[in-house]
Trainee: 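I have a structure I would like to understand better, so I am pasting it below and will then ask my questions one at a time.
As a basis for the values below, the full set of heavy atoms in this structure was taken, side chains included, without hydrogen atoms, waters or symmetry mates.
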Amino acid sequence: MAKRRANGEGTIFQRKDGRWMAMISLPNGERRQFINRDRSIVAAQLTEALHDQLKGIPIATSSHTVSQYLAQWLDHTGASVRPRTHEAYALNVRRLEPLLGRTKLAALTPQMIDAAYQQLLGEGLSKRSVEQCHTVLHGALEKALKWGLVGRNACDAVTPPRPERSEMKTLSEEQVRRLFEASADDRLHALWVLLATTGLRLGEAIGLRWQDIDFALQTLTVRRALQRQRGAGLVFVEPKTRRSRRTIALPNGTIAAIQAHRKRQLEERLQVGAAWRDQDLVFCRWDGGPLEPSGLAQRFDRLLRQAGLPDIRVHDLRHTAASLHLMKGTHPKLVQEMLGHSTITLTLDTYSHVTPGMHADAARKMESLFAPAATAASASS
């Protein structure tokens with residue numbers, strides 16, 4: 001017997017084959033159906049569809065094309081992911097639309113998806129970018145499966161291209177010293193010192209406020225980051241994860257560089273006068289406003305050339321700091337916490353190039369176990 005809801009709330013009933021069906025009428029006159037042997041699953045699908053309808057999110061149907069569905073999926077995810085993540089989703093959808101967009105969602109096959117990936121590769125898109133397309137499409141189709149729009153996730157039967165792991169670029173200890181010397185007169189010298197000694201992300205560093213630094217305890221606390229978002233410009237955002245919100249101990253040399261930077265900034269503030277934009281930023285423009293990340297990359301490139309150092313990215317200073325810490329014997333758990341990684345496995349996998357040296361050092365430390373025996377043997381002879 002059908003169990004009906006009030007008008008406009010959808011209907012749930014059991015079919016003759018024993019499966020449960022939920023049905024909802026859409027504003028455009030179409031009807032949307034959910035079918036499953038488990039009534040609770042059908043009820044949950046119906047509840048989610050009704051919730052989306054109340055929020056004004058269009059409800060996709062199986063007659064929609066891939067393009068129509070992905071557009072609605074993007075609308076649905078907009079409120080649940082960070083703006084930069086949503087921008088990445090939209091970019092990958094735009095890459096896939098010309099190749100798969102006109103296909104009916106229910107008719108999408110693994111062969112079509114694989115052919116699309118091959119075409120993207122043929123057009124010059126990197127393996128990593130195509131892999132990202134696959135990740136986004138898989139996530140979107142997983143939602144379509146949950147909503148009952150498709151019978152299976154066609155991406156499950158597709159193997160995306162696996163990008164080759166590129167060799168990590170880092171500076172040696174001697175090269176870091178040369179960078180510090182070359183940037184000594186740069187107004188952002190303390191920024192390069194901070195990045196190379198703590199492993200902060202650039203956005204975290206340029207989002208720091210003076211209130212985030214405790215000079216007495218020689219620590220800083222990461223509470224936010226600065227990033228450029230499409231359509232919004234430069235914005236301050238909360239740390240992405242609980243691990244990203246962290247407190248980091250600072251070396252004496254880093255503290256000294258930051259203190260010198262603060263003195264210089266106060267002098268600049270006096271010169272600017274009323275035009276100063278007081279945002280309490282540790283690293284800022286000449287007028288106190290936030291720094292543009294892309295401009296910092298160009299500035300860093302110039303410093304590297306002046307110092308005769310290898311061409312690396314600003315982000316590689318994060319890798320440099322982590323690698324040097326591990327090579328100097330800092331416990332990997334402490335490095336994980338310093339970097340804000342979610343797990344220690346991520347830290348060790350990312351910096352696996354350092355672990356052979358760590359293993360050799362561990363073996364050398366065990367040599368002390370044999371010293372007493374060797375000494376005793378020598379004394380008895």
Trainee: Can you list the steps and then say if Thr350 with Thr347 is a side-chain hydrogen bond (donor to acceptor under 3.5 Å, both in side chains)?
Mentor: CA-CA 5 Å; Thr350 303; Thr347 306; over 6 Å; no

Trainee: Identify the two heavy atoms, one from Ala257 and one from Ala190, that lie closest to each other, and give their separation to 0.1 Å.
Mentor: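 In terms of heavy atoms, the two residues are closest at O-CB, 3.5 Å.
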
Trainee: Would you say Ser80 and Thr77 are linked by a side-chain donor-acceptor pair, where the criterion is simply a distance under 3.5 Å?
Mentor: no

Trainee: Within the distance-only criterion (no hydrogens, no angle test), does the side chain of Glu87 pair as donor or acceptor with the backbone N or O of Arg230 below 3.5 angstrom?
Mentor: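 Yes, because the side chain of Glu87 sits within donor-acceptor range (under 3.5 Å) of the backbone of Arg230.
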
Trainee: Would you say the side-chain atoms of Thr254 pair up with the backbone N or O of Leu250, donor to acceptor, closer than 3.5 Å?
Mentor: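 Side chain of Thr254 to backbone of Leu250, a donor-acceptor pair under 3.5 Å: no, none is there.
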
Trainee: Arg305: what forms a salt bridge (charged side-chain N to carboxylate O under 4.0 Å, His left out) with it, not counting sequence neighbours?
Mentor: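 With neighbours one apart ignored, the set is empty.
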
Trainee: With a 4.5 Å cut-off on side-chain heavy-atom distances among I, L, V, M, F, W and Y, is there a chain of contacts connecting Leu346 to Leu339?
Mentor: no

Trainee: Assess the side chains of Ser129 and Ser126: does a donor N or O sit below 3.5 Å from an acceptor N or O?
Mentor: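 Distance-only check passes for Ser129 and Ser126.
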
Trainee: Using only heavy-atom distances, determine whether the side chains of Thr221 and Thr247 contain a donor-acceptor pair under 3.5 Å.
Mentor: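 Distance-only check passes for Thr221 and Thr247.
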
Trainee: Might you work through the salt bridge (charged side-chain N to carboxylate O under 4.0 Å, His left out) test for Glu174 and Arg178, ending with a clear yes or no?
Mentor: CA-CA 6 Å; Glu174 188 273 332; Arg178 283 166 55 189; 3.6 Å; yes

Trainee: Tell me whether Asn92 contacts the main-chain N or O of Arg94 through its side chain, where contact means a donor paired with an acceptor under 3.5 Å.
Mentor: no

Trainee: Can you find a pair of side-chain heavy atoms, one from Leu291 and one from Leu188, that are under 4.5 Å apart?
Mentor: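 Contact flag for Leu291/Leu188 side chains = yes.
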
Trainee: Passes side chain to side chain contact (heavy atoms under 4.5 Å, CB included), Cys284 versus Gln265? Steps please.
Mentor: CA-CA 9 Å; Cys284 58; Gln265 188 182 96; 3.5 Å; yes

Trainee: Is a salt bridge present between Glu238 and Arg245, judged by a nitrogen-to-oxygen distance below 4.0 Å?
Mentor: yes

Trainee: Would you check if Trp20 and Ile35 make a side-chain contact, meaning some heavy-atom pair closer than 4.5 Å?
Mentor: no

Trainee: Exactly one of Leu208, Asp186, Leu200, Leu296 should register a side chain to side chain contact (heavy atoms under 4.5 Å, CB included) with Leu191. Which one does?
Mentor: Leu296

Trainee: Can you name the closest pair of heavy atoms from Leu70 and Ala140 and give their distance?
Mentor: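 What the structure gives for the nearest pair is CD2-CB, 3.6 Å.
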
Trainee: Quick one: does Phe236's side chain get under 4.5 Å of Ile206's, heavy atoms only?
Mentor: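 A side-chain contact is absent here, since even the closest heavy-atom pair is not under 4.5 Å.
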
Trainee: Any side-chain heavy-atom pair from Trp192 and Arg299 closer than 4.5 angstrom?
Mentor: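 With C-beta onward as the side chain, the pair touches.
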
Trainee: Heavy atoms only: give me the nearest Arg243-Ser342 pair and the separation to one decimal.
Mentor: NE-O, 3.8 Å

Trainee: Return yes if some donor-acceptor pair links the side-chain N/O of Gln68 with the main-chain N/O of Thr65 below 3.5 Å, else return no.
Mentor: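 Present.
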
Trainee: Apply side chain to side chain contact (heavy atoms under 4.5 Å, CB included) to residues Arg39 and Gln14 and explain how you reach the verdict.
Mentor: CA-CA 8 Å; Arg39 188 186 186 283; Gln14 192 169 24; over 6 Å; no

Trainee: In terms of hydrophobic clusters joined by side-chain contacts under 4.5 Å, are Met112 and Tyr69 together?
Mentor: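 Same cluster: Met112 reaches Tyr69 through Ile, Leu, Val, Met, Phe, Trp or Tyr contacts under 4.5 Å.
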
Trainee: Can a salt bridge be assigned to the pair Asp212 and Arg224 using a cut-off of 4.0 Å between side-chain N and carboxylate O?
Mentor: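 So Asp212 does not pair with Arg224 through a salt bridge.
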
Trainee: A side-chain contact here means heavy atoms from C-beta on lying under 4.5 Å apart; do Thr197 and Leu317 qualify?
Mentor: no

Trainee: Between Trp210 and Phe215, how do the two ring planes meet: parallel, tilted or perpendicular, split at 30° and 60°?
Mentor: parallel

Trainee: Mind running side chain to side chain contact (heavy atoms under 4.5 Å, CB included) on Val282 and Leu194 for me, showing each step along the way?
Mentor: CA-CA 11 Å; Val282 176; Leu194 182 67; over 6 Å; no

Trainee: Is Arg102 atom CZ crowded by more than 12 heavy atoms from other residues, nucleotides or ligands, each under 6.0 Å away?
Mentor: no

Trainee: For residues 131-139, which side-chain N or O atoms pair as donor and acceptor with protein atoms under 3.5 Å away, sequence neighbours left out?
Mentor:
residue : atom : partner : partner atom : Å
Glu131  : OE2  : Arg162  : NH1          : 3.2
His134  : ND1  : Tyr117  : OH           : 2.8
Thr135  : OG1  : Glu131  : O            : 3.1
His138  : NE2  : Asp156  : OD1          : 2.7

Trainee: Work out which heavy atom in Val150 is nearest to a heavy atom in Ala106; give both atom names and the distance.
Mentor: CG1-CA, 4.4 Å

Trainee: Do Val81 and Trp73 land in one hydrophobic cluster if side-chain heavy atoms of ILVMFWY residues count as linked below 4.5 Å?
Mentor: yes

Trainee: May I ask whether Met338 and Ile255 are part of the same hydrophobic cluster, defined by side-chain heavy atoms of I, L, V, M, F, W, Y residues being less than 4.5 angstrom apart, directly or through others?
Mentor: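 Looking at the clustering, Ile255 is in the same group as Met338.
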
Trainee: With side chains defined as the heavy atoms from C-beta onward, is the minimum distance between Ile113 and Pro110 less than 4.5 Å?
Mentor: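 Side-chain contact under 4.5 Å: no.
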
Trainee: If every non-hydrogen atom of Asp185 is compared with every non-hydrogen atom of Arg264, which pair is closest and at what distance?
Mentor: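 Smallest heavy-atom distance, with atoms named: O-NH1, 3.7 Å.
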
Trainee: Just wondering, more than 12 heavy atoms not from Lys146 lying within 6.0 Å of its NZ?
Mentor: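 Result for NZ/Lys146: open.
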
Trainee: Under a 4.0 Å N-O cut-off, is there an ion pair linking Arg246 with Glu204?
Mentor: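 Yes, Arg246 and Glu204 are salt-bridged.
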
Trainee: Going by ring-ring contact (aromatic ring centres under 6.0 Å, His included), name the pairs with one or both residues in residues 252-278, residues two or more places apart or in two chains.
Mentor: His261-Phe283

Trainee: When you measure from the side chain of Gln119 to the backbone N and O of Leu99, does any donor-acceptor pair fall under 3.5 Å?
Mentor: no

Trainee: Could you list all the side chain to side chain donor-acceptor pair (under 3.5 Å) pairs where at least one residue sits in residues 311-320, not counting sequence neighbours?
Mentor: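 Listed by first then second residue: Arg313-Asp316, His319-Tyr351.
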
Trainee: In the structure I gave you, are the side-chain heavy atoms of Asp278 and Arg269 within less than 4.5 Å of one another anywhere?
Mentor: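 Yes, close enough: below the 4.5 Å cut-off.
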
Trainee: Run the salt-bridge test on Arg285 and Glu292 with the 4.0 Å N-O cut-off and return the result as yes or no.
Mentor: no

Trainee: Can a donor-acceptor pair be found, under 3.5 Å and without considering hydrogens, that links the side chain of His189 to the backbone of Ser183?
Mentor: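 Yes, the answer is positive, given that a donor and an acceptor are paired below the 3.5 Å cut-off.
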
Trainee: Could you go through residues 326-336 and list every donor-acceptor pair under 3.5 Å that involves a side-chain atom there, pairing it with any protein atom two or more places apart or in another chain?
Mentor:
residue : atom : partner : partner atom : Å
Lys328  : NZ   : Glu173  : OE1          : 3.2
Lys328  : NZ   : Glu173  : OE2          : 3.2
Thr330  : OG1  : His325  : O            : 3.1
Thr330  : OG1  : His325  : ND1          : 3.1
His331  : ND1  : Lys333  : N            : 2.9
Lys333  : NZ   : Gln336  : OE1          : 3.1
Gln336  : OE1  : Ile344  : N            : 3.4
Gln336  : NE2  : His341  : O            : 3.4

Trainee: Give the other cluster members for Ile41, using side-chain heavy-atom distances under 4.5 Å between Ile, Leu, Val, Met, Phe, Trp and Tyr residues; answer none if it is isolated.
Mentor: none

Trainee: Which pair of heavy atoms, one from Gly199 and one from Ala321, lies closest together, and at what distance?
Mentor: N-CB, 3.4 Å

Trainee: What verdict does the side-chain hydrogen bond (donor to acceptor under 3.5 Å, both in side chains) test give for Gln227 and Gln229, after you've listed the backbone C-alpha separation in whole Å, the side-chain angles of each residue and the deciding distance to 0.1 Å?
Mentor: CA-CA 6 Å; Gln227 62 180 216; Gln229 294 180 0; 2.9 Å; yes

Trainee: Does some side-chain heavy atom of His86 sit less than 4.5 Å from a side-chain heavy atom of Leu74?
Mentor: yes

Trainee: Any chance you could lay out the side-chain hydrogen bond (donor to acceptor under 3.5 Å, both in side chains) test for Thr170 and Ser323, step after step, and finish with the verdict?
Mentor: CA-CA 8 Å; Thr170 61; Ser323 297; 4.7 Å; no

Trainee: Check whether any side-chain N or O of Glu97 sits under 3.5 Å from a backbone N or O of Gly101 as a donor-acceptor pair, and report yes or no.
Mentor: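 Between the backbone of Gly101 and the side chain of Glu97 there is no qualifying donor-acceptor contact (under 3.5 Å).
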
Trainee: Should Val235 and Leu202 be counted in the same cluster of Ile, Leu, Val, Met, Phe, Trp and Tyr side chains packed under 4.5 Å apart?
Mentor: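 They do not share one cluster, since no chain of ILVMFWY contacts under 4.5 Å joins Val235 to Leu202.
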
